[in-house]
Amino acid sequence: MPDRYEPASFEAKWRARWAKAELFLTREEPGRPKFYCLDFFPYPSGAGLSVGHCRNYIPNDVVARMKYMQGFNVLHPMGFDAFGLPAENEAIKNKTHPAPMIDRYAATYRRQMDLVGISYDWSRSFKSSDPTYYKWTQWIFKLLYQRGLAYRANAEVNWCPKDKTALANEEVVAGLCERCGTPVEKRQIPQWFFKITDYAQRLIDDLDDIDWPEGIKAMQRNWIGRSEGIEFELKVAFDESGQTSFTDQLAALEAEVAEEAGGQVPGAVAEKIATLEAKLGIHAQKVGADPMPITRSDDFAIKGKPLTFRVFTTRVDTIFGVTFCVLSPEHPLVDEIIKRAPEQGPAVREYQVQARRKTDAERTADTKDKSGVFTGGYAVNPANGKRVPIYIADYVLMNYGTGAIMAVPAHDPRDFDFAVKYDLDVVPVIKPTEEYLAGTSLEDYCANPKNHVPVFTSKDSVMMNSGEYDGLTYEEGTAALGQWMEGHGIGERKIQYKLRDWLISRQRYWGCPIPVIHSKDGEMHLVPDDCLPVYLPDVESYEPADDGSSPLAKISDFVNVTDLDGKLGRRETDTMGGFACSSWYFLRFCDPYNDEKPWDQERVNYWMPVDCYVGGAEHAVMHLLYARFWTKVLFDAGLVPVKEPFQKLKNQGQVLAMTPYRHPKQGETLAPGEEGVLISFKEAEGIPDDQKFYRWARMSKSKGNVVTPEEAVESYGADALRVYELFVAPFDTDVQWSNEGMNGAVRFLSRVCKFVSDHAAHYDVGWKAEIDAVPAEGRSLAFRRATHQAIQKATEDIERFAFNTYISAMMIYVNTLSDLTKGLQPNRAEKLAISEAIESLVLLMAPSAPHTADELWESLGRLGFTYGESWPKFDPSLTVDDTVTIAVQVNGKLRDTIEIEATADRAAMEAAALESPKVKVYTDGQTIRKVIIVPGKLVNVVV
RNA sequence: CCCCGGGUGGCGGAAUGGUAGACGCAGCGGACUUAAAAUCCGUUGGCUGUAAGGCCGUGUGGGUUCGAGUCCCACCCCGGGGACCA
């Protein structure tokens, strides 16, 4: 029996035995509840795993192991996200084919995961690039297509010139390619999209039902970006001075109707217009607009149809403060306006060209500096009939809302900046608070709104300068104006989302082929089920072209197909982005060998949802949103029993390592945000202290600060690595790697071994049958209490993902047991209690230090594995002590602590507290006003 | 600018509104050793005091409470995310 932790002597042996016994094969034994424990689907990088990656696998492994011991059927699988740009780029760099490369890398991952003893069921493993898997990815694509959720459209997309492919919106960060940092360009290419926008509302709503970190939920809500507002129509005029009353607008409408009806206005329509006229006239007077005589303004009807455009706003309560409107440079109305107001044409065209040339990165870089140009047209504010100039500016985005806005510079900072720059009016229409005015008067604010920065944007105030709407709150004003607009057909309430459809086409080789054939007549056909999968052709050369076409397009054997009727067609040559493949892998794990269908319904009904999903927070809005979307589609199709795939989600913290930097040399410049120049540890040795410094940085190959699992296991042992990573910090916070900390874990495991080996002689396998018959008292009771308290703490802590305090409780347990056994010649009761303690200790340690636990288990003469044993249960009556230490406070200040019977009632506690000489010092000569008693905790005497 | 986290000894961290600093690391003192490593025992928030003890102490300032690391308000700092989304 080992009396200290000697990993080299037994860890490898146990891993081999677990493998031989197929210990972690998923069981579906009837009568046991299920638990699905899943880690994020990793892309197997060529750099291999670092101890940083283990921080996600180890804690979830502890959960999986405990759940199994508690009697659950546990599904704990692992596979590899093999398709996609990272793999393909790596293969190109190494001048090799991605398929064998990925196989090699995945094998390394598996070896490393096995090395630290993760209890995966490898029999269920697959790679997303396996044809047996991607066949079903294609099958689901077809399902989406059939349900109207996959479509091809010619669209302006984010094009990464380095990766030579289109990217999804989620893969573009601040205008740069998320993967390689290259500024993305815009390109018009036919692309495949999934219609995730159809599910926007459900993707928000169902977040309420799942146990995820609030931060991730917030990020998803934010990304989906729901906003409620009103979309309404404005008419375009070409004369600034002319006021157009509502009656004018009605007259124009009448003319329009008459034109369509062949010169004669139908009676019913005329009547309707008359009533509207009456209503509108009253309204116009109320809001203070000039009641203009009915004249036929030809502004609206020059050369045919009147020009109109629609805007979306969440602040219709500020509509009386509109002083200009802005169209996005790409807005189709712009052409129409300059056709009719040609004098602004050249300037407008020039600006459009400039805007187009800018990349998203440039556009976002100068968000402060607004630019734009007047179009020559005016918009008529439907609320008050006022005409305001129409500008184009690139701060208005074509792909959000209607691509046009009403600008209220008094209450919107962006509009304000623009108004200041182009000397446009600012008309306050929301009464600012006293706090905002900060001393100056309301008159001064209204007279010189441009002197008041930042602008007043709060919704917690009332309307002013808004005619009959003055004094209404945001809610009231929005409701009243919304009703008015809807009543008069000017606009309607609407909900907008920022979320756009998910672009899945990649013009690259290494991805799942899209099962579509384009026939000669331009129609698209899905590849029939019995022809799936569409195999990715095995080719020598697969480098991407930069003309926007996929490398598959050059492979004529792949492209040219003939259908059953002998008709010629061309295969779709784009492949699916990697996120498609990882949007359903958790379903395949439930039934990975099925070659009839993607999964057997019963298997998925049994295992889904995932009970505990663990991975990094960086996938907050990509994988996690896409997987939720697919699950909902599959739910709607009746193929999965759950609306949400991941019931509980946990994000682990990163592992940071000390990383050397040096100060920049003369002439060297640092990128923004950089503190110094990254150097290797070797370089650092040769540099004097005052020229270098160390920072904690995320472990990564590029930083040269990686500690591999092999190194850690070699120097300290796998169980030490596991215990260290569990103990060093809470699960979700970043940790700083330290060799000293690893030594602490080694010492602790040695103390566990020492305790067990020192007292193995007293171990009685049959303790369970006898222990309750021998009354525990004194030391034996103390043993039993320590044991049951440890069981309770360990169970609850693992359940709530508090692995650091679980390990801490184990340390306390071992320390307590060691203290209790000092110089002990145990009697029968004590021997039984020690037996219980030894066995509980080993089993409680099993999820975190499984090798050591099994080694000790065997040394105790037990057969099999701790994995197959039952998780210890605690007896609540044995978790409480009979005396407690209570705090005695005077006026809330701690003055004494006293030992007292745990069962002491309030009166006894009070009496004991008041008797304390230390308390008397403070209470003598004082009047006791009140005594607060918290049973079992404290007494507070108020004098 | 907005939205999330988070600021506790020399360090990592613990603490259902109820004894702040559990547990570990590092340090210090001691035992064992020819010596060192390893191990074991003791000790370790600051100030003050011979001691018993006292005072201060969880980013800053206020508040609620018998009692605040924990709840509320304002602010400062650090980390992450989103950023012209109308």
Side-chain angles (χ1 to χ4, degrees), chain A residues 3-4 173-174 213-219 221-223 225-227 229 231 311-316 318 326 328 363-364 366-370 393-397 399-408 412-415 417-418 454 457 496-500 617-618 620-621 651 654 723-724 727-730 732-736 738-748 750-751 754 802 804-815 818 822 885-898 918 921 929-943:
Chain A
D3 64 346
R4 47 190 287 198
V173 176
E214 281 308 316
I216 300 287
K217 288 190 188 183
M219 280 164 75
R221 287 195 191 98
N222 202 24
W223 184 263
R226 176 194 158 103
S227 50
E231 189 179 302
V311 298
F312 175 74
T313 179
T314 53
R315 293 298 304 269
V316 74
T318 63
V326 187
S328 141
R363 240 170 116 152
T364 41
D366 44 34
T367 54
K368 288 229 171 66
D369 189 34
K370 303 264 178 304
D394 64 5
Y395 82 90
V396 173
L397 311 170
N399 49 15
Y400 183 75
T402 59
I405 60 158
M406 65 174 213
V408 184
D412 183 292
R414 297 153 304 185
D415 299 343
D417 292 345
F418 195 82
T457 55
Q496 274 296 337
Y497 300 93
K498 278 197 283 183
L499 182 71
R500 320 238 174 90
E618 65 274 13
V621 290
N651 299 123
Q654 301 177 346
V723 165
Y724 169 73
F727 176 67
V728 67
D732 55 4
T733 59
D734 290 352
V735 304
Q736 300 167 351
S738 103
N739 292 334
E740 289 74 26
M742 287 293 287
N743 277 325
V746 170
R747 271 200 285 267
F748 163 60
S750 282
R751 284 205 303 277
K754 180 147 198 317
N804 56 333
T805 52
Y806 150 57
I807 297 296
S808 154
M810 290 296 99
M811 290 170 166
I812 294 169
Y813 185 36
V814 174
N815 292 347
S818 302
K822 241 172 237 164
T885 312
I886 63 163
V888 183
Q889 301 178 332
V890 178
N891 285 346
K893 269 192 197 278
L894 181 74
R895 293 305 175 188
D896 197 6
T897 57
I898 51 178
K918 289 177 187 166
V921 173
R929 285 178 38 213
K930 204 174 175 186
V931 179
I932 287 152
I933 294 160
V934 181
K937 287 276 186 185
L938 97 171
V939 177
N940 185 12
V941 183
V942 185
V943 300

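Since the model is a prediction, treat every value here as computed from it, not as a measurement. Note on naming: letters A, B, ... go to the chains in the order of the sequence lines (proteins, then strands), and numbering restarts at 1 for each one.
If you take atom P in U60(B) and the same atom in G49(B), they sit 26 Å apart, rounded to whole Å. The gap from the C1' atom of C84(B) to that of A14(B) amounts to 45 Å, rounded to the nearest Å. G6(B) and G59(B) have their C1' atoms separated by 11 Å, with the value rounded to a whole Å. Annotation: U16(B) and C11(B) have their P atoms spaced 23 Å apart (nearest Å). The separation of U39(B) from A26(B), taken at their P atoms, amounts to 10 Å, rounded to a whole angstrom. If you take atom P in G69(B) and the same atom in C3(B), they sit 28 Å apart, rounded to whole Å. With both ends at atom C1', the span from U70(B) to U58(B) equals 10 Å, rounded to whole Å. For C47(B) and G57(B), the P atoms lie 15 Å apart once the distance is rounded to whole Å.
Nearest to the side-chain atoms of Arg895(A) among the listed nucleotides C23(B), G54(B), C41(B) stands G54(B). The side chain of Leu938(A) lies closest to G18(B), out of G18(B), C41(B), C23(B). Between C66(B), C41(B), G12(B), one nucleotide has an atom nearer to the side chain of Ala729(A) than all others, and that is G12(B). Considering only the side chain of Ser227(A), A86(B) comes nearest among C23(B), A86(B), U16(B). Checking G81(B), C41(B), C84(B) against the side-chain heavy atoms of Lys822(A) singles out C41(B) as nearest. The side chain of Met811(A) lies closest to C23(B), out of C84(B), C23(B), G18(B). For Asn804(A), taking side-chain heavy atoms from C-beta onward, the closest of the listed nucleotides C23(B), A86(B), A14(B) is A14(B). Comparing G18(B), C3(B), G82(B) by their nearest atom to the side chain of Asn222(A) picks out G82(B). The side chain of Trp223(A) sits closest to G82(B) out of G82(B), A14(B), C84(B). When distances are taken from the side chain of Lys918(A) to each of G18(B), G53(B), C23(B), the shortest belongs to G53(B).
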Review point. Hey, mind stepping through Arg226(A) and Leu499(A) against side chain to side chain contact (heavy atoms under 4.5 Å, CB included) and telling me if it holds?
Key: CA-CA 8 Å; Arg226(A) 176 194 158 103; Leu499(A) 182 71; over 6 Å; no
Practice item. Carefully, step by step, assess Ile932(A) and Val939(A) under the rule side chain to side chain contact (heavy atoms under 4.5 Å, CB included). Key: CA-CA 6 Å; Ile932(A) 287 152; Val939(A) 177; over 6 Å; no
Exercise for review: Could you give me the CA-CA distance, side-chain angles and deciding distance for Tyr497(A) and Ser227(A), then say whether side chain to side chain contact (heavy atoms under 4.5 Å, CB included) is met?
Suggested key: CA-CA 6 Å; Tyr497(A) 300 93; Ser227(A) 50; over 6 Å; no
**Study point:** Steps toward side chain to side chain contact (heavy atoms under 4.5 Å, CB included) verdict (Arg315(A), Thr313(A))
**Key:** CA-CA 5 Å; Arg315(A) 293 298 304 269; Thr313(A) 179; 4.1 Å; yes
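Here the P atom of nucleotide U16(B) and the NZ atom of Lys937(A) are 9 Å apart, to the nearest Å. Counting to the nearest Å, the C1' atom of A86(B) and the CG atom of Asp417(A) are 14 Å from each other. Rounded to an integer number of Å, the gap from Gln654(A) CD to G5(B) P is 18 Å. Distance Glu214(A) CD to G6(B) P: 12 Å, rounded to the nearest Å. Spacing between atom CG of Asp896(A) and atom C1' of G18(B) amounts to 16 Å, rounded to whole angstrom units. Between Lys498(A) atom NZ and C84(B) atom P there is a gap of 8 Å when expressed in whole angstrom units.
When heavy atoms are screened at a 4.0 angstrom cut-off, Arg500(A) is found touching base atoms of the nucleic acid. Contact annotation for Thr314(A): backbone-only contact, meaning every heavy-atom pair under 4.0 Å involves sugar-phosphate atoms and none involves a base. Residue Arg221(A) is classed as having no contact, given no heavy-atom separation below 4.0 Å to the nucleic acid. Counting any heavy atom pair closer than 4.0 Å across all strands shown, Pro213(A) reaches no nucleic acid atom. If you check every strand for non-hydrogen atoms under 4.0 Å, Gly744(A) touches sugar and phosphate atoms only. Among the protein residues, Leu397(A) comes within range of the nucleic acid bases, having at least one heavy atom under 4.0 Å from a base atom. Using a 4.0 Å heavy-atom cutoff across all strands shown, Ser738(A) reaches no nucleic acid atom at all. Contact annotation for Val728(A): backbone-only contact, meaning every heavy-atom pair under 4.0 Å involves sugar-phosphate atoms and none involves a base. Using a 4.0 Å heavy-atom distance criterion, Asp415(A) is classed as making no nucleic acid contact. Counting any heavy atom pair closer than 4.0 Å across all strands shown, Gln889(A) reaches a base atom. At a threshold of 4.0 angstrom between heavy atoms, the contacts of Arg747(A) are confined to the sugar-phosphate backbone, with no base atom among them. Within the 4.0 angstrom heavy-atom criterion, base atoms lie near Val396(A). Nucleic acid contact for Asn940(A): base, since at least one base atom lies under 4.0 Å from a heavy atom of the residue.
Residue whose closest nucleotide on RNA chain B sits further toward the 5' end, between Gly403(A) and Gly741(A): Gly741(A).
Put simply, Lys893(A) has no side-chain N or O that comes within less than 4.0 Å of OP1 or OP2 on A20(B). Put simply, Thr733(A) has no side-chain N or O that comes within less than 4.0 Å of OP1 or OP2 on G5(B). Phosphate contact (OP1/OP2 of G24(B), side-chain N/O of Asn743(A), threshold under 4.0 Å): absent.
There is no side-chain donor-acceptor pair under 3.5 Å between Tyr813(A) and Ser818(A). For the residue pair Tyr395(A) and Asp415(A), a side-chain donor N or O sits within less than 3.5 Å of a side-chain acceptor on the partner.
Contact check for Val728(A) versus Val735(A): side-chain heavy atoms found under the 4.5 Å cut-off. Between Asn891(A) and Val942(A) the shortest side-chain heavy-atom distance falls below 4.5 Å.
Across all strands shown, A68(B) forms no Watson-Crick or G-U wobble pair with both distances under 3.5 Å. Under the Watson-Crick or G-U wobble criterion, with both distances below 3.5 Å, G42(B) is paired with C28(B). Of all nucleotides present, none satisfies the Watson-Crick or G-U wobble test against U34(B) with each distance under 3.5 Å. Base pairing of C2(B) is made with G81(B), judged by Watson-Crick or G-U wobble geometry with both donor-acceptor distances under 3.5 Å.
Anti is the conformation of G13(B), whose glycosidic angle sits further than 90° from 0.
Remark: Asp896(A) CG to Gln889(A) CD distance equals 11.5 Å, nearest 0.5 Å.
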